[in-house]
Protein chains: 2
Amino acid sequence: MSSEVRGARRGIKGHPKTGPSIGDVARLAGVSSQTVSRVSTGSEPVKAETRERVLDAMRQLGYAPNHAARALRQGNFRSIGLIAHQVIRTGESKTIEAVIEAARREGYSVSLVDVESPSSSDVSEAVQHLSHQAIDGLIIIRAETATPAALALPPTMPVAVSDSRFIGHHPAVGADQVGGSRAAVQHLLDLGHATVHHIAGPGGSGPADLRATAWKQTLVNAGREVPEPFDGDWSAETGYKIGNEIAKRDDVTAVFAANDEMAAGLIHALHEAGRRVPDDVSVVGFDDIDLAAHLWPPLTTVRQEFHQIGHDLVEVIMRQLGGREQLTGYHGTVAAPLIVRQSTAAPRKRRRTRR
Amino acid sequence: MSSEVRGARRGIKGHPKTGPSIGDVARLAGVSSQTVSRVSTGSEPVKAETRERVLDAMRQLGYAPNHAARALRQGNFRSIGLIAHQVIRTGESKTIEAVIEAARREGYSVSLVDVESPSSSDVSEAVQHLSHQAIDGLIIIRAETATPAALALPPTMPVAVSDSRFIGHHPAVGADQVGGSRAAVQHLLDLGHATVHHIAGPGGSGPADLRATAWKQTLVNAGREVPEPFDGDWSAETGYKIGNEIAKRDDVTAVFAANDEMAAGLIHALHEAGRRVPDDVSVVGFDDIDLAAHLWPPLTTVRQEFHQIGHDLVEVIMRQLGGREQLTGYHGTVAAPLIVRQSTAAPRKRRRTRR
DNA sequence: CGGGGAGATGTTTACGTAAACAGAATGAGT
DNA sequence: ACTCATTCTGTTTACGTAAACATCTCCCCG
C-alpha cells in the first residue's frame, strides 16, 4: 500500500463511502486510534498537548464520530422511539415537545412515527417498524384502537404509555381524565343547569371513553337525567356540525365537549344561530389549548398538563433503562384542573319540564 | 468451548448484552449466517423450505435485526434529522406530520430535535447534536436567528430548509410568503380601507420579516401611508395585548396579523372592548390553522400548505440522497392563497381625514 | 539512586451485519 | 452421459468504534 496517502482507500472494496474514520484522524495526529477515541469520548485522561493535536486533526478532516459504529459497540443508540396518532392535535404536540426536551436533557434523541389511521394493524406496523429501528425505548402516545397484546415488541424494550388502556400492561403516565371530567360536569351542575350534554370523542379512543364515562357517572351520581351524547371525532368541524343541531334545540343549556376544538366548533355554530354563550348555552372544553383563552368567549376548560406528562414519560423510560427497574404496573397520574373562564354561567331560565 | 450451548456466551467479554444475533439464528436453523441475512433482507432468493426454517428460528429466538450493525455495514441509517423551533405552532406541527409521513413512505424514520430558545448558538448546538446522530439528511424548519454560515455541518450531508434566509445556501421549500401577504393587504385595501396596520412576528424571524416587508411594500405601491407596525412574538397573548392598544384607537380599521394566533388574540381584545369585527375593525391572519374557520367571526387568512411543504422537503432530501443531485440553489415555492371568511369587510365610515 | 506507582498511550479484539467471492447442487439441452 | 447455466448456500472479510489488557514514561519518595 502507499504510505502517506490517506483518504485514498475509500471505495476499494464494495463499501459505500463514509466520512473520515477514527483511524484517519489517528494517522494524521500521529497517535493510536484508541487515543482518538479517548479524546472523542472524554472517558479517560489524555495529555493536553496530545488532545490538542487530535482535535486539530479532527477539525482538519471534518471528522464526526460514526454513530452506527458507536451504537454497535455500546449496544445502545441513545434514542427513543415515539408513536403518536395525530401529531397535530395540540395535546400530542405539547407532549411531544416535552418528550423531546426531556430526552435531549438526558442525551437522547427522539425518533417519531405517526400512525395515520388509528387502526390496530397500523399501530402494530408502526411498532414493528420502530422496534427494528435504532431505539432503546418506546413511548406510545395514544395508541387508539391498538391493544396491548397486539403490540408484540421485544420483551426487553422499555416502554412508557400515556394511554390508559395500557395500564397494567405497560407503565403509564396520563392526565386525570376522570377527575377533570367530573369537575367540568359538576361545575355546570353547580351553576344550576338541570343536566349536561356531552360531545364525545371517537369511540374506541381511551381518553374519549374515559371522559364520556366520567360525564355519565357524574350525572348519575347527582341524580340527573343522562341525555344521549353526541358523537364527535375531536375535530372543530364535527363540533360545528353538532353545534348546528344543538342550536335548534332549546333544551340544551350546558355542553361538555371532550376537547377544545370541538368546543370551538360548537361555539361557532351557536354564534351563527344567534344563541348566546354562555347566556343561552354554557360550554366547557378539555385540554386548555393555547387558543382556549382567546376564543370568544374565553373557554372554560379542563387543563391537561401535557408538558408534565411528556416529561414523566421520559423519566419512566430512563428508570427502566438505567437500573433495570420493573415498572409494569406503574401508573402516574397528572392532575387535570378545571380552568373557569367565561363560556359558562348559570342558565337564564330554569326549565324543569322538558319537551 | 461447549458445543451445543447457545446463548450462553453473552457477557463473557465486557460487552453489554444484546439480543439474539444473526449467528444464533443461523445455528438454530442449521444454515450459514449469510443465508439468514438473505432471508432477513430479501435481497437474494432462498429456497422456500430453507426460508421457513430460518423464519421459524427467528420467531423462536425473538430475533430482530440489529440496526446499528446494519447501518454500520451499509453506511446509512434510513433516518432523517429534523430541527424545528417550536413544535407546538400549528404550522410546524403540520409540516412535521407531513415530513414524517413522506419519510415513512420512503422507508425513513425521522429524528426530531426542538430548539428551545431561538438563539443562534442553540441552533448550532442542535445541528451539532443531530449531525452526530444517526441521520442521512437534515431538514430545518425555521432556523430563526441562525445563519447559514453558523451551521457548519458535514459538507456531504443533504439538507433541506423551509426558511427563506437559507436560499442560495441550502435547497429550500417554502410558502409564497410575499404573495400571500400582498394578497391579504390588497384585499383590505380593495375593501376600501385607507391603510392597513400590521402585527409583526418577532424580529429576526425569516417569515416574520418577509410578511412585514411585503405588507409595507404593498401599502407603498398603493400610495398609502405606512403606519408603525406592532411587534408581536407569534403568541395569542401578544395579539391580545396589542389588541388592547388597538381597541383604544379609532383610526385603525384594518389589521394584518402575521399569524392566526395573534389574530385570535387581537379579536379577543376587540370583543372585550366592544369593538366589532369586522364592522369596526377588519382582521386578516396568516397560516389558516384548523381553528381559523371556527373562530368568531371565522377568520380571513392566508393559507399555508404545510402538508405540501413537508412533503416537498422530504423529496428534496431524497433527490440529494439518491442521485447525488446538487440542489444548493433550489428554491421551491408553494402558493399561499388568501381565504376570505368573515373577519373582513368594508369600513363602516370612510375617514379620509385621519388624526 | 532505585523501586513503585500513577498516568498516558498503544495493541488486540469483538460488536452484528452484508458484500464479494467461491463452491455445491440442480436441471436443461445436446 | 456430459457440459454448462442457473439457483442456492457457505466462507471470508471489512465497516468504525471502544473495552480490556499491555506497555511505557515519568516522577516521587525512601
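Below, all heavy atoms of this structure are taken into account, side chains as well, without hydrogens, waters or symmetry copies. Chain A is the first sequence line, chain B the second, and so forth, proteins listed ahead of strands; every chain is numbered from 1. This one's a predicted model, so the numbers in the text were calculated from it and none came from an experiment.
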Can Gln60(B) and Asp24(B) be said to form a side chain to side chain contact (heavy atoms under 4.5 Å, CB included), step by step?
CA-CA 11 Å; Gln60(B) 204 170 319; Asp24(B) 298 327; over 6 Å; no
For a side chain to side chain contact (heavy atoms under 4.5 Å, CB included) check, start with the C-alpha distance between Leu313(B) and Ser162(B), then their side-chain angles and the critical distance, and finish with the verdict.
CA-CA 8 Å; Leu313(B) 283 168; Ser162(B) 82; 4.1 Å; yes
Give the intermediate values and the outcome of side chain to side chain contact (heavy atoms under 4.5 Å, CB included) for residues Met58(B) and Val36(B).
CA-CA 9 Å; Met58(B) 283 181 176; Val36(B) 176; 3.8 Å; yes
Could you walk me through whether Arg59(A) and Asp56(A) satisfy the salt bridge (charged side-chain N to carboxylate O under 4.0 Å, His left out) test, starting with their C-alpha distance in whole Å, then the side-chain angles of each, then the deciding distance to 0.1 Å, before giving a yes or no?
CA-CA 5 Å; Arg59(A) 269 188 291 271; Asp56(A) 270 349; 3.0 Å; yes
CA sep, side-chain torsions, deciding dist, call: Glu97(B), Phe306(B), side chain to side chain contact (heavy atoms under 4.5 Å, CB included):
CA-CA 9 Å; Glu97(B) 201 170 52; Phe306(B) 292 112; over 6 Å; no
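Atom-to-atom, CG of Asn76(B) to P of dG16(D) comes out at 13 Å; the value is rounded to the nearest Å. Atom CZ of Arg27(B) and atom C1' of dT9(D) are 18 Å apart (whole Å). Rounding to whole angstrom units, CG of residue Leu72(B) and C1' of dC15(D) are separated by 4 Å. For Lys47(B) and dG27(C), the NZ to P distance is 9 Å, given to the nearest whole Å. Rounded to a whole Å, the CD atom of Gln74(B) is 18 Å from the P atom of dA14(D). We find that CZ of Phe77(B) is positioned 11 Å from P of dG16(D), with the value rounded to whole Å. What separates CD1 of Ile22(B) from P of dC15(C) is a distance of 14 Å, to the nearest Å. Computed from coordinates, the Asn66(A) CG to dG16(D) C1' distance equals 5 Å when rounded to whole Å.
For the contact set between residues 32-44 of chain A and DNA chain C, defined by any heavy atom under 4.0 Å, the members are Ser32(A), Gln34(A), Thr35(A), Arg38(A).
Side-chain atoms of Gln308(A) and Asp312(A) include a donor-acceptor pair closer than 3.5 Å.
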Sub-3.5 Å pairs of nitrogen or oxygen atoms, protein against nucleotides 4-7 of chain C:
none

Please write out each protein N/O paired with an N/O of nucleotides 25-28 of chain D under 3.5 Å, distance rounded to 0.1 Å.
none

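In this view, Gln34(B) satisfies the side-chain hydrogen bond (donor to acceptor under 3.5 Å, both in side chains) rule with no residue, not counting sequence neighbours.
Between Ala69(B) and Arg53(B), the residue whose closest nucleotide on DNA chain D is further toward the 5' end is Arg53(B).
Residues Ile317(B) and Pro158(B) share a closest heavy-atom pair of CD1-O, 3.7 Å. Here the closest non-hydrogen pair linking Leu321(B) and Asp136(B) is CD2-O, 3.6 Å. Of all heavy-atom pairs between Ser33(B) and Ile22(B), the closest is O-CD1, 3.6 Å. Smallest separation of non-hydrogen atoms from Pro171(B) and Gln320(B): CG-NE2, 3.7 Å.
Neither OP1 nor OP2 of dC15(D) sits under 4.0 Å from any side-chain N or O of Ser21(A).
Counting heavy atoms from C-beta outward, Ile80(B) and Met318(B) have side chains that approach closer than 4.5 Å.
Note on the helix from dC1(C)-dG30(D) to dT30(C)-dA1(D): angle between the axes of the first and last five pairs equals 40°, rounded to 10 degrees.
Between the side chain of Arg78(B) and the backbone N or O of Glu106(B) there is at least one donor-acceptor pair closer than 3.5 Å.
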Do any side-chain atoms of residues 38-47 of chain A form donor-acceptor pairs under 3.5 angstrom with protein atoms, and if so which ones, sequence neighbours left out?
from	atom 1	to	atom 2	distance (Å)
Ser40(A)	OG	Arg70(A)	NH2	2.4
Thr41(A)	OG1	Ser37(A)	O	3.0
Thr41(A)	OG1	Ser43(A)	N	3.2
Thr41(A)	OG1	Ser43(A)	OG	2.9

